[in-house]
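For the numbers below, each heavy atom of this structure counts, side chains included, while hydrogens, waters and symmetry mates do not.
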Amino acid sequence: MATKMIDTVFLKKRFLQKELLKTFNSPQSETIFAKAFTELENEIEEILENRFIEMNDDYCFDKNISACWLGLCQNDTFKYMDRFNSGQDLESVIEALHNFYNNTNLDIPTQEELMTLANFSNGNRPNRPSCYILHKNNQQNRVQTADIDHKSYYSSGQSGYIHPIYRLNGENSKKLTLQESILIWLKHKLKPVSLDNKFYDLLLEFDFTLEDLKLTDIQGDFSKLGAAIDESFLIDYFKSKDNIRANILKYDEKIFHDANKGSWELFENVNVKDKKDLVAVKLSSKLCARNPEADIVDGIIGIDFGTKSTVVVYSKNKEKILPMRVGMGDWSKSNETQHYENPTVMEFNNLEGFLDAYKKTSARPLTKWRDVTISHTAYENLKNSKSDDFNAYLTELKQWAGDKQRKLKIRDKEHKQVYELHPFLKLKENDLNPIELYAYYLGLYINNQVQGIYLDYLLSFPVTYEQAVRKKILESFQRGLKKSLPTLSTEKLNELSVTSGVSEPAAYAAIAMQNYGFDEKEKSFYAIFDFGGGTTDFDYGIFRWSDEESKKERRYDYVIEHFGAGGDKFLGGENILELLAFHVFKANKEELLKQKISFTLPPECDEFLGSEVLLNDSREAKLNMVNLIGKLRDFWEREDFKEDIFKGKIPVDLYNNEGTLISQTSLKVDEKALKTLLKIRIKKGIDGFFESLREVFVNHTQEIKLIENKVNIFLAGNSSKSPLVKELFEARIKQEEEAIQKNNYKASFELFEPLNNKNDFEKPNGKTGVAYGLIETRAGGRVLVIDKNIGEKDIKFKYYLGINKRKKLKVIVSREVAYDQWVEFIDAGEEFFEIYYTSSALATTNNLSINDSSILRKRLKIKNIDLDKNVYIRFISPTVFEYGVGVDGNVKDSVQVTLYE
């Protein structure tokens with residue numbers, strides 16, 4: 001059953017309660033009661049043209065004092081009490097008043113309230129027993145008589161009648177607005193005698209709670225409100241739910257009336273079994289509900305979860321792969337590159353409210369986009385944010401996931417609550433998990449009534465990510481994507497699959513090799529330099545035709561065998577920008593000291609003299625880095641470096657340590673020095689790439705030897721578009737080829753720039769190619785990937801371990817050493833020994849300066865000093881090793897050490 005026509009919908013009582021609250025507190029807002037409320041307002045507005053309004057139970061509402069006089073509208077038929085003498089005790093008179101009318105709500109008017117009844121002409125004067133009326137004197141705790149016609153007052157002697165008053169808003173109240181009058185009448189169960197309105201009659205059965213004349217709570221039998229609901233607004237509510245959740249364009253109303261379409265949201269009302277806390281609303285005409293399972297797509301989604309941006313591609317039941325726009329919900333807009341490269345950014349406006357809604361249901365909760373935003377919206381808001389709001393933005397999702405020590409602080413803009421998050425791997429199942437929430441939003445853009453529903457997902461990971469990190473990211477995405485789905489049967493939900501695809505560089509290789517024509521060659525060697533936003537991954541391998549005689553390979557067209565994975569953890573476009581910003585700030589330290597402006601310390605930078613008052617991790621320091629990086633982005637992301645763009649100065653908005661904005665602070669900048677800095681840092685990454693390549697040739701000679709003597713180098717990632725990358729690669733290639741010729745070897749290199757789709761969005765480019773490659777290399781597809789980077793336990797150990805030898809790092813234990821194998825490190829003749837470690841392949845030269853920013857030191861201690869024994873080391877996991885003292889590899893007691901960068 002794909003669709004079904006229904007004439008009844010079921011709404012949650014809590015939803016109706018919220019709609020009523022919204023209707024009364026924000027009268028201009030669109031709610032399902034808005035039409036009924038507007039009609040009620042119009043009727044009461046006409047009634048309120050009069051000052052005195054006859055109400056039920058003999059009350060007469062006086063709009064001038066927002067209170068009711070008892071009997072004032074009764075035209076001489078109302079019975080008043082006998083007179084009391086002026087000066088009598090106030091409490092005894094009030095007690096007599098309550099007993100006479102059997103009504104404890106009544107009171108004696110104040111002098112100010114009473115005198116509002118003066119100065120009426122005989123024709124307009126309301127009913128009253130006499131001109132001599134009592135009023136209360138709170139200071140003396142007595143009643144006093146007033147002649148309200150002549151404004152004369154008697155402290156004693158003169159007797160007077162009581163005009164009983166029922167105050168609705170305290171003594172001597174101000175005039176109320178139309179909405180306030182309606183609310184206070186309903187709270188006190190009052191109804192104008194002339195009012196004939198069914199909605200008002202229904203509301204009289206509810207209990208209203210007010211604070212400062214605002215409705216804070218309403219309780220009653222909500223099942224009675226069905227008749228007051230506006231069907232047109234109800235339909236608008238159902239078609240707007242995805243707009244509320246993710247700013248997706250409202251669906252066409254046709255889906256509610258077309259039997260070939262239908263609404264997922266309405267399908268929740270088919271075969272409702274548990275009707276507890278639900279209100280049935282009968283419709284005047286039938287609407288079309290659609291079973292979401294009818295829209296499940298026979299397809300697959302590839303997600304490249306990136307440091308700076310995230311790319312999503314899809315393939316249905318054909319071979320064609322296309323990118324999908326996420327982070328924006330108006331698909332009518334013309335295609336632009338940024339629509340497919342979505343900033344990996346989150347904004348937390350009302351995280352408390354978002355989480356409250358998120359946890360209420362397992363399927364597609366009605367969260368609000370205004371509470372938490374992602375992608376382009378979050379990124380644009382970040383650029384214009386105040387320092388106080390900096391922690392309301394999260395730009396380090398992927399870095400947090402990949403760093404075992406990194407903690408996060410998130411600050412809810414609206415409630416100012418601070419959420420402190422443990423390192424990603426230490427999160428428990430019910431802890432706040434931003435990656436799960438990010439995946440939920442991606443799921444909303446993927447799974448909707450425009451795109452359909454996808455149950456098969458592939459995620460890519462950097463080659464350096466450990467298995468534990470990959471597993472937890474997959475679990476987080478699984479939960480978030482599942483939450484984005486509408487209600488499905490258990491059978492269908494069990495088909496949801498979120499799995500790890502091939503590594504990012506291998507995925508790119510699968511696409512690039514075919515796009516550059518290598519699918520026509522039987523076997524080729526490739527090397528990937530994937531220079532992204534956060535890191536640079538190196539990957540090396542063989543792309544070849546499949547073996548038709550092999551049972552394992554015959555179903556495939558091509559095979560990729562990749563090995564020797566490595567990278568440069570801090571060579572990324574965003575890290576490059578941090579490096580540039582740091583040096584600009586440092587060059588302006590005197591001015592910054594004067595104005596008490598601070599900034600942060602990037603991973604590869606060092607402290608300097610005087611930096612103790614300039615460097616910190618405050619939100620102002622972080623926002624200053626963000627703002628300067630925004631200015632420097634044009635310097636880094638450009639097609640050539642022929643001309644200066646800053647002319648010696650950069651104006652940038654900065655915040656001092658007190659959070660005060662210092663607008664357009666002028667910072668001096670030496671663009672030539674910045675370019676030199678860029679070239680040095682990129683060259684270091686390229687040098688590391690070639691050292692890793694050397695290791696590959698040494699360690700994988702057998703696999704490579706039968707291939708033509710050519711290395712095909714593919715640049716990938718948006719940062720590889722920089723002209724400096726190509727320039728520096730060509731220089732290094734020339735250097736390598738000259739060395740090869742001197743040694744009479746036959747080998748060559750060819751450099752391939754990042755794929756360029758020239759704004760043909762159906763084709764991959766240097767950034768989107770990874771996501772395309774994920775689907776291309778899917779299990780059961782055309783390309784078999786054999787990953788030799790991951791062994792039985794995990795990826796190989798991340799670091800080279802060594803000692804400081806004449807101010808150079810001398811590698812003692814290579815990261816190529818297998819797990820659980822003891823390797824001699826140094827003698828055990830001293831109580832302390834030091835290990836220097838780095839992930840940089842430049843360590844293999846044994847010529848890397850010990851002061852290189854990538855090298856860290858660990859000081860360790862042994863218990864038993866014995867010069868005749870040695871300290872041995874063995875790898876346990878990618879970041880953990882053990883050491884102990886022994887002879888010939890026989891170690892009895894060992895100590896475990898975890899390394900961090």
Side-chain angles (χ1 to χ4, degrees), residues 299-316 320-329 331 335-346 374-379 395 397-399 401 435 438-447 451 454 456-462 465 473-474 477 480-481 498-512 515 528 530-537 572-574 637 714-721 754-778:
I300 188 168
I301 294 286
I303 301 176
D304 176 17
F305 174 43
T307 301
K308 181 186 174 186
S309 61
T310 296
V311 175
V312 177
V313 299
Y314 69 97
S315 178
K316 295 186 178 179
K320 192 165 189 176
I321 303 171
L322 290 171
M324 184 180 285
R325 290 190 278 187
V326 296
M328 57 164 292
W331 290 287
N335 293 323
E336 296 180 28
T337 301
Q338 64 265 28
H339 292 170
Y340 301 104
E341 298 180 18
N342 308 280
T344 309
V345 182
M346 302 183 75
I374 68 163
S375 196
H376 301 287
T377 300
Y379 179 68
T395 60
L397 267 180
K398 195 171 181 181
Q399 297 97 314
I435 291 181
Y438 187 75
Y440 163 71
Y441 266 119
L442 291 183
L444 291 177
Y445 290 110
I446 294 167
N447 303 299
Q451 312 281 21
Y454 289 81
D456 197 355
Y457 296 83
L458 289 172
L459 264 69
S460 63
F461 296 100
Y465 268 26
I473 291 177
L474 288 172
F477 264 81
L481 290 168
V498 183
T499 57
S500 175
V502 301
S503 69
E504 292 169 3
Y508 184 79
I511 291 296
N515 274 264
I528 302 288
D530 186 0
F531 189 4
T535 63
T536 295
D537 283 346
E574 298 308 298
E637 297 175 357
F714 294 90
L715 301 181
N718 276 337
S719 297
S720 281
K721 295 176 183 177
L755 290 170
N756 186 350
N757 59 17
K758 297 179 181 177
N759 291 328
D760 181 351
F761 299 109
E762 294 191 10
K763 295 179 180 178
N765 61 28
K767 171 61 181 174
T768 63
V770 170
Y772 276 79
L774 274 174
I775 293 181
E776 188 73 14
T777 57
R778 66 194 181 277

inquiry  = For a quick test of reading the model, state the closest non-hydrogen atom pair linking Ser720 to Phe531 and the distance between them.
reply    = OG-CB, 3.2 Å
request  = Please confirm whether Phe714 and Tyr508 have ring centers closer than 6.0 angstrom.
outcome  = no
request  = Look up atom OG1 in Thr499 and atom CD1 in Ile300, then write down how far apart they are to the nearest 0.5 Å.
outcome  = 7.0 Å
key: Candidate pair Glu341 and Asn765, rule side chain to side chain contact (heavy atoms under 4.5 Å, CB included), full reasoning   = CA-CA 11 Å; Glu341 298 180 18; Asn765 61 28; 3.7 Å; yes
inquiry  = Quick check for you: to the nearest 0.5 Å, what is the distance between Tyr340 atom OH and Leu322 atom CG?
reply    = 8.5 Å
query = What's the verdict on side chain to side chain contact (heavy atoms under 4.5 Å, CB included) for Tyr465 and Ile473, showing C-alpha distance, side-chain angles and the deciding distance?
reply = CA-CA 11 Å; Tyr465 268 26; Ile473 291 177; 3.8 Å; yes
ask   = OG1 of Thr344 to CD1 of Ile374: how many Å apart, nearest 0.5 Å?
value = 9.0 Å
inquiry  = Checking the side chain of Ser503 only, and the main-chain atoms of Pro462 only, is there a donor and an acceptor separated by less than 3.5 Å?
reply    = no
ask   = Which atom pair, heavy atoms only, marks the closest approach of Glu504 to Ser460?
value = CG-OG, 3.4 Å
task = Enter the distance from Ser375:OG to Tyr445:OH here, rounded to the nearest 0.5 Å.
result = 7.0 Å
inquiry  = Would Lys767 and Asp304 count as a side chain to side chain contact (heavy atoms under 4.5 Å, CB included) here? Give the steps.
reply    = CA-CA 9 Å; Lys767 171 61 181 174; Asp304 176 17; 3.7 Å; yes
key: Nearest heavy-atom neighbours spanning Ala771 and Val311   = CB-CG1, 3.8 Å
message = Using side-chain heavy atoms (C-beta onward) and a distance below 4.5 Å, is Leu755 in contact with Lys763?
response = no
request  = For Lys308 and Glu574, indicate whether the former's side chain and the latter's backbone hold a donor-acceptor pair under 3.5 Å.
outcome  = no
key: For Tyr772, all residues meeting side chain to side chain donor-acceptor pair (under 3.5 Å), sequence neighbours excluded   = none
ask   = Is the backbone N or O of Lys398 less than 3.5 Å from a side-chain atom of Thr307, with the two atoms forming a donor-acceptor pair by type?
value = no
key: pair Val312-Ile301: side-chain heavy atoms closer than 4.5 Å   = yes
query = Atom CD1 in Ile511, atom OG1 in Thr777: separation rounded to 0.5 Å?
reply = 8.0 Å
message = Donor-acceptor check, side chain of Asn447 to backbone of Tyr454, threshold 3.5 angstrom: yes or no?
response = yes
key: Worked check of side chain to side chain contact (heavy atoms under 4.5 Å, CB included) between Arg778 and Asp456   = CA-CA 11 Å; Arg778 66 194 181 277; Asp456 197 355; over 6 Å; no
message = Give me the atom names and distance for the closest heavy-atom approach of Pro754 to Lys721.
response = CG-N, 4.3 Å
ask   = Using 30° and 60° as the class limits, which term best fits the ring planes of Tyr438 and Phe305: parallel, tilted or perpendicular?
value = tilted
Euclidean distance, Ile446 CD1 relative to Ile303 CD1, rounded to 0.5 Å = 4.5 Å
query = Is the backbone of Thr310 close enough, under 3.5 Å, to the side chain of Asn342 for a donor and an acceptor to pair up by distance?
reply = yes
message = Using only atom types and a distance under 3.5 Å, with no angle test, would you say the side chain of Ser719 pairs donor to acceptor with the backbone of Gly533?
response = no
inquiry  = With a 4.5 Å cut-off on side-chain heavy atoms, are Asp530 and Thr536 touching?
reply    = no
ask   = Looking only at heavy atoms, which two atoms of Leu481 and Gly443 are closest? And how far apart?
value = CD2-CA, 3.7 Å
